[in-house]
Number of protein chains: 2
Amino acid sequence: MTAVPPYDPKATGPSYVYMRIADHLAARIAAGEFPPDSMLPGERALAEEYEVALNTLRRAIEELTGRGLVVVLRAKGTFVTRPEG
Amino acid sequence: MTAVPPYDPKATGPSYVYMRIADHLAARIAAGEFPPDSMLPGERALAEEYEVALNTLRRAIEELTGRGLVVVLRAKGTFVTRPEG
DNA sequence: TTTCATTTGTTCGTATGTATT
DNA sequence: CAATACATACGAACAAATGAA
């Protein structure tokens, strides 16, 4: 399992920034970069990393919660869910 | 069934603007002001009426969709769902 | 108890994009 | 093509919850 290529703002794929970021984060999770139960970097850190506004990054996280890949706990962090359980 | 009192930005209740607006809109729906299958006023109109930013009004609508009270159809409008089916 | 740092949550105002009619 | 209506995205500021000091 190779590492997920860095996020490329100009890559082809889903039209919307938040969706591309969600896909990219999902791939990083699937690749084991963020294992089950681990905490993701903070929203603001991720927003900086992906070079988007906070709201846009939050949209991406929202997408991941919708897919059941993460759970968000206020003032605590965003955590990778364990497949199944 | 009396009419829903006008929205009061300073009233007590849920702390968040979007939640108070969602509750207010839900009451208007329940009161029959917006009957099943009817279209709500546009987002911008409602944002003006409630004196909030567009994003905040949209957050309130999101809350209503979560409650199953409305469905949002892009470029068509926001429609009141029919209780049960 | 109070304070502080950390992290997510809300709200604003604005601009631009996309889908439907 | 134009009008309408919802959708995405930006940047900034402030609020609220949590836990540790």
Side-chain angles (χ1 to χ4, degrees), chain A residues 7-26 28-29 33-81, chain B residues 7-26 28-29 34-35 37-81:
Chain A
Y7 172 80
D8 177 4
K10 292 179 292 300
T12 60
S15 334
Y16 297 125
V17 175
Y18 83 89
M19 195 62 86
R20 286 204 305 274
I21 293 176
D23 288 345
H24 194 261
L25 283 170
R28 291 171 75 180
I29 290 171
E33 180 178 343
F34 303 122
D37 296 334
S38 70
M39 189 173 98
L40 259 55
E43 295 176 333
R44 282 159 180 80
L46 286 175
E48 256 199 53
E49 177 180 340
Y50 282 99
E51 298 182 292
V52 291
L54 174 61
N55 287 344
T56 302
L57 190 282
R58 281 178 57 78
R59 284 281 256 180
I61 296 290
E62 224 175 279
E63 176 68 23
L64 294 183
T65 65
R67 297 185 197 174
L69 292 179
V70 302
V71 292
V72 178
L73 303 181
R74 179 172 187 168
K76 289 181 142 178
T78 299
F79 299 86
V80 178
T81 55
Chain B
Y7 173 80
D8 177 3
K10 291 179 293 298
T12 59
S15 334
Y16 296 125
V17 175
Y18 82 88
M19 196 63 85
R20 286 204 305 273
I21 293 176
D23 288 345
H24 193 260
L25 283 170
R28 292 171 75 180
I29 290 171
F34 303 122
D37 295 335
S38 71
M39 190 174 98
L40 259 55
E43 296 176 332
R44 282 167 178 77
L46 286 175
E48 256 198 52
E49 177 181 340
Y50 283 99
E51 299 182 292
V52 292
L54 175 61
N55 286 343
T56 302
L57 190 283
R58 281 179 57 75
R59 184 74 186 78
I61 297 289
E62 223 174 279
E63 177 67 24
L64 294 184
T65 65
R67 297 184 198 175
L69 293 180
V70 301
V71 292
V72 178
L73 303 181
R74 182 172 184 165
K76 289 181 143 176
T78 299
F79 299 86
V80 178
T81 54

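Below, chains carry the letters A, B, ... as their sequence lines are ordered, and counting in each starts from 1.
Salt bridge annotation for B/Arg58-B/Glu62: absent, with no cationic side-chain nitrogen under 4.0 angstrom from a carboxylate oxygen. Between A/Glu63 and A/Arg67 a salt bridge is recorded (basic side-chain N to carboxylate O distance below 4.0 Å).
Residues A/Leu46 and A/Ile21 fail the side-chain proximity criterion, which asks for heavy atoms closer than 4.5 Å. Using a 4.5 Å heavy-atom threshold, the side chains of B/Tyr50 and B/Leu25 count as touching. Residues B/Leu64 and B/Thr78 form no side-chain contact, since every pair of their non-hydrogen atoms from C-beta on lies 4.5 Å or further apart.
Protein atom CE of B/Met19 is 19 Å distant from nucleotide atom P of D/dA15, rounded to whole Å. Taking atom CG on B/Leu57 and atom P on D/dA5, their separation rounds to 14 Å, with Å as the unit. Atom CG of B/Leu46 and atom P of D/dA5 are 11 Å apart (whole Å). Computed from coordinates, the A/Arg59 CZ to C/dT10 C1' distance equals 15 Å when rounded to whole Å. When the C1' atom of D/dT8 is taken as reference, atom CD of B/Glu62 falls 13 Å away, rounded to whole Å. Regarding B/Asn55, its CG atom lies at a distance of 12 Å from the P atom of C/dT14, rounded to whole Å. In this structure, A/Leu54 atom CG and D/dT8 atom C1' are separated by 15 Å, rounded to whole Å. In this structure, CZ of A/Arg58 is placed 16 Å from P of D/dG11, rounded to the nearest angstrom.
Scanning residues 63-76 of chain B for heavy-atom distances under 4.0 Å to DNA chain C yields B/Arg74, B/Ala75, B/Lys76.
At the phosphate of D/dC6, OP1 or OP2 sits under 4.0 Å from a side-chain N or O atom of B/Thr78. A close approach under 4.0 Å does occur between a side-chain nitrogen or oxygen of B/Tyr18 and OP1 or OP2 of C/dT10.
Of the candidate nucleotides D/dA5, C/dT11, D/dA7, C/dT11 has the atom nearest to the side chain of B/Val17. Of the listed nucleotides (C/dG9, C/dC12, D/dG11), C/dC12 has the atom at the smallest distance from the side chain of B/Ala53.
When every heavy atom of B/Ala45 is checked against every heavy atom of B/Pro41, the shortest pair comes out as CB-CB, 4.3 Å.
Within 6.0 Å of CD on A/Glu48 lie no more than 12 heavy atoms contributed by other residues, nucleotides or ligands.
Checking A/Val52 against B/Gly77, the closest nucleotide of DNA chain D that is more toward the 5' end is the one next to B/Gly77.
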